Amino acid sequence: MSLMSLSSLTVRRGQCPVVDHVDLAVEKGEFVGLLGPNGAGKTSLLRAALGLLPHEGRSSLSALAPAVRARTVAFLPQGREIAWPVTVADLVALAEGGAEAQARAIARMGLENYQTRRATELARALAQDAPLLLADEPAAGLDPEAQIRTMQVFRDLAEEGRGVVASIHDLGLAARHCTRLVLLHRGRKVADGAPRDVLSPENLAEVFGVRGFHAETEDGPVFQPLGVIR
Amino acid sequence: MTRVVFPLLILLVAGLFFASLLIGPAGLGLKQAMAALFGRGEGGDAVVMVMRDIRLPRAVLGLAVGAALGLAGAAMQGFLRNPLAEPGLIGVSSTAALGAVIALQTGLAAAFTLALPLAALLGAVLSVLLILLLAGPRGGALTLILAGIALSALAGAGTSLVLNLSPNPFAAAEIVFWMMGSLADRSMTHVWLALPFITLGCAALLTTGRGLDALTLGEDAAQSMGVDLARLRLVIVLGTAAAIGASVAVAGAVGFVGLVVPHLLRPLVGARPSRLLPASALGGAAMILAADIATRLIAPDRDLKLGVLTALVGAPFFLHLIWRMRRVEA
């Protein structure tokens, strides 16, 4: 059974669709990178899938009762607000996934040694111990080490049989670490599959207006955007 | 630190409660006062009356009103994630005050003792219905604030109109003095009228701790952690309305307690809203009891108003808060 299935999911702002009839199923073991330029509908797609945004079409998550949904899917939103100066332990404990899940999340994010705001927020989402994690721009604004560590955590989760969907702006990071990419353009899903196929020269030109370079290295596949073509 | 805060607050409130029972113009001794309160007493009917019909309701109302103000302030700040929020923000205080002012103006309050608190409660109920109607279905905070501001402005205008049209200066003065807030000369009837609402409202607000904790991370994160925002908002609005509506009905508009107390206590309980709620209830009770005692000690023969005193202490604190915020932002 899929961890999440969207069928014909549509979000409108006024008359204009910002997410336009998107079908998407996420299975166990997948780390799906959600790509697309600014305004492509990545955030709206994630929020509508969770039921945080009014939408048409169907999402397997949005109809769930809030408490059931919290055990089915964890969410790391883009707006990283911490209203009060609470301790790291209190913050991670908000997830209510149990003491064991909390300890695992704290260890996974290395919070015993070094605590950053972002790592703490991700640990909170992990402590929810849900089979699926949706993350909105988890790598944005991180230093290279933190970016790679975050991606590694997502890959580990996928290898443990969970699912991860993360919107990612950095195409190189996505190509390098995701098991599958989904490309959004003006609210529509225009490509879905293996990183190398999704980041084809045609898709890159059509959606991002750039060209790029793929290579296989001993560390795995590498992609580098090279230049603007229009 | 957190561990000693609650026992200290409980001791403080208990001490102030007894002090409130013992301090007053009648000048009763401890033994005499307690005997009159709990047993037959030797001082005759007058002492029993002073203790049971004057000081006891005053102390009980101080405790209840203070707890309501502190708790509702903490809940409102937690829900709006804003340290400057206070219980009056959703308009309940101003509409309850308008209800009371109309009862004073029409002479209903003079004809029948409970007309004033009942009219205030009616005002609070009406404002809640309007707020819930205006604030929309999705549990967001912004529409709630805007609806509250609009209602407060409307109720404030209504109160001004009543003052404007008052037939003589004495009627206007009576209204103005009532609006300053006081616990003087309240009877056990006031206690029995307000206490059920305050208790129910506070009980409702105390259940919101987990939701408010989750809201620390914003509305999206809270919802994803299983918090039903629309339900949380309903509980906060109804709980605040019951607790604050009833408080205003018996004590008038007592400002700044709901704003200042959560602030003072937040750093002491580790900032978590769920721990701040009970701490603020105790802190609010302590502040009102202390201020009410102070009105009796500072100027026993001038009927110094409770709301005047809390605002005199609260406003400078508020300025200090803004000063500190300004420095942090710079």
Side-chain angles (χ1 to χ4, degrees), chain A residues 4 43-44 46-55 61-62 64-97 101 117-118 120-130 132-137 165, chain B residues 1-2 74-85 136-142 208-235 262-277 279-280 324-325 328:
Chain A
M4 168 177 98
T43 298
S44 297
L46 292 173
R47 294 186 71 224
L50 283 158
L52 304 180
L53 208 58
H55 60 84
L61 303 171
S62 69
L64 299 174
V68 179
R69 191 180 58 208
R71 291 193 294 274
T72 312
V73 57
F75 180 46
L76 183 67
Q78 194 172 17
R80 309 283 159 78
E81 172 187 353
I82 303 180
W84 313 112
V86 292
T87 64
V88 166
D90 276 351
L91 211 143
V92 175
L94 290 178
E96 290 199 334
R117 194 186 171 105
R118 293 298 193 75
T120 309
E121 282 161 339
L122 183 51
R124 190 278 305 163
L126 296 178
Q128 222 167 306
D129 207 20
L132 178 65
L133 170 67
L134 304 189
D136 199 357
E137 296 289 356
V165 181
Chain B
M1 188 68 179
T2 309
M76 203 53 81
Q77 292 184 4
F79 180 69
L80 300 176
R81 285 158 288 144
N82 189 325
L84 302 184
R138 281 193 77 83
L142 186 65
T208 60
R210 141 103 174 118
L212 294 180
D213 277 354
L215 262 179
T216 301
L217 291 172
E219 291 183 356
D220 274 6
Q223 280 178 290
S224 78
M225 284 188 270
V227 174
D228 185 340
L229 270 192
R231 194 177 158 274
L232 179 68
R233 190 178 67 177
L234 186 69
V235 174
H263 254 290
L264 276 172
L265 295 173
R266 183 169 290 117
L268 303 183
V269 296
R272 248 180 107 160
S274 59
R275 281 200 290 261
L276 184 59
L277 290 177
S280 273
R324 239 180 24 190
M325 264 177 66
V328 169

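Just so we're on the same page: letters track the sequence lines, and every chain starts at 1. The model shown is predicted, which means the values in this text are computed figures rather than measured ones.
A search for side chain to side chain contact (heavy atoms under 4.5 Å, CB included) contacts involving A:Ala127 returns A:Val92, A:Ala95, A:Gln102, A:Ala105, not counting sequence neighbours.
The environment of CZ in B:Arg231 is sparse: at most 12 heavy-atom neighbours from other residues, nucleotides or ligands sit within 6.0 Å.
Counting heavy-atom pairs closer than 4.5 Å to chain B, the top residue among A:Thr87, A:Leu50, A:Ile82 is A:Ile82.
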Open item on the list: For B:Met225 and A:Leu94: C-alpha separation, side-chain torsions, deciding distance, then whether side-chain contact (heavy atoms from CB on, under 4.5 Å) applies.
Closed with: CA-CA 8 Å; B:Met225 284 188 270; A:Leu94 290 178; 4.1 Å; yes
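Contact annotation for A:Pro77: only side-chain heavy atoms (C-beta onward) come within less than 4.5 Å of a heavy atom of chain B. Proximity to chain B is limited to the side chain of A:Arg47, based on heavy atoms less than 4.5 angstrom apart. With a 4.5 Å cut-off on non-hydrogen atoms, A:Val68 does not touch chain B at all.
To the nearest 0.5 Å, atom CG of residue B:Leu217 and atom CZ of residue A:Phe75 are 12.0 Å apart.
Between A:Ala83 and B:Arg81, the closest heavy-atom pair is CB-CG, 3.6 Å. Contact detail for A:Arg124 and B:Ala221: the closest heavy-atom pair is NH2-CB, 4.0 Å.
At least one side-chain heavy atom of A:Glu96 sits under 4.5 Å from a side-chain heavy atom of B:Arg210. Under the 4.5 Å side-chain criterion, counting only non-hydrogen atoms from C-beta, B:Thr216 is not in contact with A:Leu91.
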Quick one: side chains of residues 266-275 of chain B, donor-acceptor pairs under 3.5 Å with protein atoms, not counting sequence neighbours, listed by atom name and distance.
unit_1   : atom_1 : unit_2   : atom_2 : d
B:Arg266 : NH2    : B:Gln77  : OE1    : 2.7
B:Arg272 : NE     : B:Asp213 : OD2    : 3.1
B:Arg272 : NH1    : A:Asp90  : OD1    : 3.2
B:Arg272 : NH2    : B:Asp213 : OD2    : 3.1
B:Ser274 : OG     : B:Asp213 : OD1    : 3.4
B:Ser274 : OG     : B:Asp213 : OD2    : 2.7
B:Arg275 : NE     : B:Val269 : O      : 3.0
B:Arg275 : NH2    : A:Asp90  : OD2    : 2.9

